[in-house]
Novice: 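This is the structure I want to talk about, given as structure tokens.
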Number of protein chains: 2
Amino acid sequence: MTGPLHQRIRGDIEARIRSGEWAPGHKAPTEAELMDQYGCARMTVNKAMTALVEAGLIVRRKRAGSFVARPKVHAPVLNIPDIQSEIVARGEAYAFRLLARTVRAADRDSPEEVELAAGGKLLELDGVHDAGGRPFALERRLVSLKAAPEIEAADFAEHPPGAWLLEHVTWTEAESRIGAINADAEDARLLALDEGAACLVVDRRTWREGQHVTRVRQVFPGEAYDLVARFGPGA
Amino acid sequence: MTGPLHQRIRGDIEARIRSGEWAPGHKAPTEAELMDQYGCARMTVNKAMTALVEAGLIVRRKRAGSFVARPKVHAPVLNIPDIQSEIVARGEAYAFRLLARTVRAADRDSPEEVELAAGGKLLELDGVHDAGGRPFALERRLVSLKAAPEIEAADFAEHPPGAWLLEHVTWTEAESRIGAINADAEDARLLALDEGAACLVVDRRTWREGQHVTRVRQVFPGEAYDLVARFGPGA
DNA sequence: GGCTTCAATATGTATAGACATATTTGCGAA
DNA sequence: TTCGCAAATATGTCTATACATATTGAAGCC
């Protein structure tokens, strides 16, 4: 085990916790004891323990000591991958087909569109992500031209709109929502599914400095796609 | 602005990044400059910067300096909440109705069940989570009695099986999968939906010290439920 | 017994200095 | 000109020490 000493200490303790050797509630050695064990300064031990606290593996109480944390109520995190890299990672050919591109005003009846437009116009982009020549996901996106005027000149031959935006207009805040819907006739046609088939929907909105930049709704065939998260306590 | 100095430094810099004042790629002050600004030791500044690196907000390169990180390709994380606390947090009444409880052997044709049972028997628990008196989620769970023998004596009046297990058999590893399905006749009946309605499915398996403990499949009405994640860069 | 007080303990924060390491820059030699 | 080496720079790690702070446990008092 090479590398920095504080990492080694952290790793040793983490291993004991993950293996179950130290059950939740188990009292870990004090910093003084670890100093002796590793023959190092307290700051070094402290750095290791602090990292374990941030990772959620250890809880510390002054005077009492350090204890293995109780894994929280299922509070796992799930990684929502970028579609393009997801497909490429599987070794399949990726393509984005732009189906429609419209510049229009916000629908006055939709408060959300009005907020997104912020007094300007909206760019609506509809397209399909293909994996290995077959439709993989549907995308409908609205972009505020006030927040990202440069996108009007962009073509999406190289990068799909999501990647283009990520490159050119960095977000500072985002919200994702995951749900399930029954494919309507158009969804079904574009994804080559039967009408009514269950689909996973990811609805994502991003902001930059408080200004709403884009909203995208991606539809995946429920049968063919799922999101996976694997983790240990605190990870 | 009280609290530890290293936290204040971290907070100041984080605020500049999140506000967009420092765009991705922007060069942050060096540790020496921050020492001067705050009139403190380098270790203190270093602690702040290290925390920002772990939070994914800053990238550091020796000799070159510290830079605001480019937000990763959509790498948001999604919190999959615990059903009971989710419902209680909304201010609705929570209840778990156990529909079936069976002790049985693993299905020899299912490699997964065989692995879960690990030579012992399985406890199958089917039930419905109610929110405000209406069905909110369906749950079908298999528990390895070898891994959690105490559960045979448990009744789930107070805590649903998930909470019981969390309390009594801590997991060290877990995997969650999220997908979409069309409700079959039974799902539809139990959730008071139409057959074929799109539902969100969370499939979760947990292990303890390499031993598979439980597998649970939760079905949510797609129309009524979605998972939300809100975050800023690195958060 | 029950209460307060006080000291011991373990962590939390901070310092100043030291050496290690990676990377860039610029200078000098082939 | 270009290659290669060395110096400068900024971060990475570690030490030894100091004082602050929260909590526990025990002593002492009513």
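In what follows, chains carry the letters A, B, and so on, assigned in the order in which the sequence lines appear, proteins first and then strands, with residues in each chain numbered from 1. Note that this is a predicted model, so its numbers are computed, not measured. Side chains are part of it too, since the values below use all heavy atoms of this structure and drop only hydrogens, waters and symmetry mates.
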Novice: Round to the nearest Å and state the distance from A:Gln7 atom CD to D:dT13 atom P.
Specialist: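 That distance rounds to 7 Å.
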Novice: Once you round it to whole Å, what is the distance between C1' of D:dT13 and CG of B:Asn46?
Specialist: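 Nearest whole value for this atom pair: 9 Å.
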Novice: Would you tell me if any nitrogen or oxygen in the side chain of A:Arg60 comes within less than 4.0 Å of OP1 or OP2 on C:dG12?
Specialist: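 Yes, within the criterion.
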Novice: Could you tell me whether the phosphate oxygens of D:dT11, OP1 or OP2, come under 4.0 Å of any side-chain nitrogen or oxygen in B:Arg63?
Specialist: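 Answer is no, no contact under 4.0 Å.
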Novice: Atom CE of B:Met49 to atom C1' of D:dT13: distance rounded to whole Å?
Specialist: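 Rounded to the whole Å, the gap is 17 Å.
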Novice: For DNA chain D, whose closest nucleotide is more 5', that of B:Ser66 or that of A:Gly39?
Specialist: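 Going by which nucleotide is closer to the 5' end, it is B:Ser66.
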Novice: Considering only side-chain heavy atoms of B:His6, which listed nucleotide, D:dT24, C:dA10, C:dA14, is closest?
Specialist: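 Nearest to the side chain of B:His6 among the choices is C:dA14.
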Novice: Under a 3.5 Å threshold, yes or no: a donor from one side chain and an acceptor from the other, between A:His129 and A:Gln84?
Specialist: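 No, no side-chain donor-acceptor contact under 3.5 Å.
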Novice: If you assign each of A:Thr44 and B:Val53 to its closest nucleotide in DNA chain D, which residue comes earlier from the 5' end?
Specialist: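 Nearest-nucleotide comparison on DNA chain D picks B:Val53.
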Novice: Which is true for B:Arg42 with a 4.0 Å heavy-atom rule: it touches a base, it touches only sugar-phosphate, or it touches nothing?
Specialist: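 The residue B:Arg42 makes base contact.
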Novice: Measure the distance from CZ on B:Phe67 to P on C:dT23 and round it to the nearest whole Å.
Specialist: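 For the pair B:Phe67 CZ and C:dT23 P, the rounded distance is 12 Å.
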Novice: Hey, mind stepping through B:His212 and B:Trp207 against ring-ring contact (aromatic ring centres under 6.0 Å, His included) and telling me if it holds?
Specialist: CA-CA 4 Å; B:His212 199 156; B:Trp207 289 261; 4.8 Å; yes
Novice: Are more than 12 heavy atoms, taken from residues, nucleotides or ligands other than A:Arg16, located less than 6.0 Å from that residue's CZ atom?
Specialist: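 Yes - once you tally the heavy atoms of other residues, nucleotides and ligands closer than 6.0 Å, there are more than 12.
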Novice: Side-chain contact, heavy-atom cut-off 4.5 Å: B:Cys40 with B:Val45?
Specialist: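 Yes, close enough: below the 4.5 Å cut-off.
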Novice: May I ask you to say what A:Thr50 touches in the nucleic acid, namely base, sugar-phosphate or nothing, with a heavy-atom cut-off under 4.0 Å?
Specialist: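 Since no nucleic acid heavy atom lies under 4.0 Å of A:Thr50, the category is nothing.
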Novice: Can you measure B:Lys47 atom NZ to C:dG12 atom P for me and round it to whole angstrom units?
Specialist: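 Checked: the NZ to P distance equals 8 Å.
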